[in-house]
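Computed from a predicted structure; not experimentally measured.
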Amino acid sequence: NNKFQGSGYDNDYQSTTLMTYGVTNKFNLQMLLGVDGAQGGTAFVKGGTVQNPSSNGVEVNTFRVRLPYNVLKFKQGGTPLSLAIVPEVNTPMAAGAVWTPGFGVWVQRPFWMPTGRILRIRASEDIWFPKSGKNVGAGLSEDYAKYGVTQVGFEYSLTKHWVPAFDFVWKYYGQNKVNGVAVTGPVTFAASGATLTTGPLAGRRDFRIDPALEYNFTENTGIIFGAEITVGGKNTGSYIAPQIALQWFK
């Protein structure tokens with residue numbers, strides 16, 4: 001449930017499916033499909049302008065392809081680190097989206113605890129570079145700024161079946177440019193007389209924590225309960241988003 005400036009609310013929901021195929025021992029192919037929906041948005045008026053207009057609907061928002069390559073892989077009695085470099089690309093599925101190539105670095109390491117259980121610490125950095133030059137009318141073109149996600153987390157094998165996890169996530173977005181001018185809100189271009197508002201993510205900073213609890217039915221199947229909780233940010237609404245996920249390995 002997102003709260004924006006004033007008293008407007010909307011209810012958003014998202015479903016994500018991640019499929020991973022091990023092409024070789026070092027090289028994987030991942031495909032991620034994201035579906036977004038909105039329901040019951042509450043509109044309100046500020047400065048004579050309708051903000052956060054009500055909307056309902058579902059759309060395919062993300063189709064991401066990743067190609068993780070394992071530079072280092074954990075081996076008992078050998079290398080303690082796992083390190084992957086990850087070329088990736090977001091395809092333009094949603095309205096107004098553009099091709100967005102990116103690059104990631106993922107690291108994780110397990111630690112044997114005095115209890116005999118395993119504490120796994122992981123960190124990742126992913127940066128995307130949207131293709132530029134989107135035509136927005138009135139002789140104007142908008143260039144989307146790069147954006148990224150920094151994530152640090154850990155999980156602890158409390159028992160054979162129960163695994164609590166905790167993640168810290170920071171998302172950051174640069175300023176979009178319209179005809180070479182950096183903008184993050186409504187701006188009027190004198191040459192065309194057009195007033196343009198850039199996308200809502202421009203200039204955004206979002207810090208959140210993601211607690212979760214995983215239960216493994218078998219070595220190959222499990223279920224995860226958790227939540228996304230924003231604890232600070234800029235140009236972003238506060239929200240708590242419950243989550244549930246199923247995982248299956250073969």
Side-chain angles (χ1 to χ4, degrees), residues 12-37 58-75 79-110 120-132 134 144-155 163 165-174 199 201 204 206-208 210 212 214 216 219-224 226 228 241 243-250:
D12 300 327
Y13 49 92
Q14 182 182 70
S15 175
T16 302
T17 301
L18 173 64
M19 295 167 284
T20 301
Y21 178 73
V23 181
T24 70
N25 287 337
K26 286 183 170 290
F27 178 67
N28 295 326
L29 169 64
Q30 291 188 342
M31 291 178 289
L32 185 149
L33 180 68
V35 178
D36 286 356
V58 177
E59 67 175 359
V60 176
N61 184 55
T62 304
F63 182 70
R64 180 178 303 164
V65 178
R66 294 170 172 161
L67 301 171
Y69 179 78
N70 298 311
V71 179
L72 296 174
K73 193 171 184 180
F74 171 80
K75 184 177 181 181
T79 257
L81 281 178
S82 295
L83 170 66
I85 56 174
V86 190
E88 49 194 324
V89 63
N90 289 335
T91 64
M93 302 298 293
V98 296
W99 285 96
T100 307
F103 185 80
V105 178
W106 302 349
V107 181
Q108 69 174 5
R109 177 176 176 172
R120 181 178 290 108
I121 298 178
R122 56 184 182 272
S124 64
E125 177 72 23
D126 294 272
I127 303 177
W128 288 275
F129 304 88
K131 299 296 287 183
S132 60
K134 179 176 176 288
Y144 292 130
K146 72 177 181 180
Y147 59 94
V149 179
T150 303
Q151 184 165 340
V152 177
F154 63 87
E155 56 188 53
V163 181
F166 214 87
D167 285 89
F168 301 89
V169 183
W170 182 49
K171 291 185 178 180
Y172 53 93
Y173 300 81
L201 298 180
R204 175 175 167 178
D206 185 345
F207 181 72
R208 72 172 198 256
D210 297 354
E214 176 182 344
N216 298 302
E219 293 182 351
N220 301 323
T221 59
I223 188 169
I224 303 172
E228 291 184 359
Q243 295 185 331
I244 184 171
L246 298 174
Q247 58 181 6
W248 175 69
F249 302 94
K250 183 176 181 181

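To the nearest 0.5 Å, the span separating CZ on Phe154 from CZ on Phe166 amounts to 6.5 Å. Between atom CE of residue Met31 and atom OG1 of residue Thr17 there is a gap of 11.0 Å, rounded to the nearest 0.5 Å. Taking CG from Leu32 and CE from Met19, the interatomic distance works out to 8.0 Å, rounded to the nearest 0.5 Å. With rounding to the nearest 0.5 angstrom, the CD atom of Gln30 is 5.0 Å from the CG atom of Leu18. Atom OG1 of Thr16 sits about 8.0 Å away from atom CD of Gln243, to the nearest 0.5 Å. Remark: Leu33 CG to Thr62 OG1 distance equals 8.0 Å, nearest 0.5 Å.
A donor-acceptor contact shorter than 3.5 Å is absent between the side chain of Ser15 and the backbone of Val35. A donor-acceptor pair is defined here as one N or O able to donate and one able to accept, closer than 3.5 Å; no such pair exists between the side chain of Thr100 and the backbone of Trp128. When atom types are taken as modelled, the side chain of Thr24 and the backbone of Lys26 share a donor-acceptor pair closer than 3.5 angstrom.
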Audit row: Ile121, Val107, side chain to side chain contact (heavy atoms under 4.5 Å, CB included) steps and yes/no: CA-CA 8 Å; Ile121 298 178; Val107 181; over 6 Å; no
Candidate pair Tyr173 and Asp206, rule side chain to side chain contact (heavy atoms under 4.5 Å, CB included), full reasoning: CA-CA 9 Å; Tyr173 300 81; Asp206 185 345; 5.6 Å; no
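Side-chain contact check for Tyr147 versus Pro130: some heavy-atom pair is nearer than 4.5 Å. Asn90 has its side chain out of reach of Val98: every pair of non-hydrogen atoms, C-beta onward, lies at least 4.5 Å apart. Side-chain atoms of Asn28 and Leu67, non-hydrogen and from C-beta on, never get closer than 4.5 Å to each other. Two residues are said to be in side-chain contact when any heavy atoms from C-beta on lie closer than 4.5 Å; Thr91 and Trp99 meet this criterion. Counting only heavy atoms from C-beta outward, the side chains of Ser124 and Gln108 never approach each other to under 4.5 Å. Between Arg66 and Thr20 the shortest side-chain heavy-atom distance does not fall below 4.5 Å. Phe168 is listed as a side-chain neighbour of Phe207, based on a closest heavy-atom distance under 4.5 Å.
Taking a cutoff of 4.0 Å between a charged side-chain nitrogen and a carboxylate oxygen, Asp210 and Arg208 qualify as a salt bridge.
Partner Phe103 forms a side-chain contact (heavy atoms from CB on, under 4.5 Å) with one of Ile127, Val86, Ile85 and no other, that one being Ile85.
Atom CG of Asn25 is surrounded by 12 or fewer heavy atoms from other residues, nucleotides or ligands within 6.0 Å.
What you find for Asn70 and Ala84 is that their closest heavy atoms are OD1-CB, 3.8 Å. Residues Ala212 and Ile224 share a closest heavy-atom pair of CB-CG2, 4.0 Å. Taking each heavy atom of Pro80 and Phe74 in turn, the nearest pair found is O-CD1, 3.5 Å.
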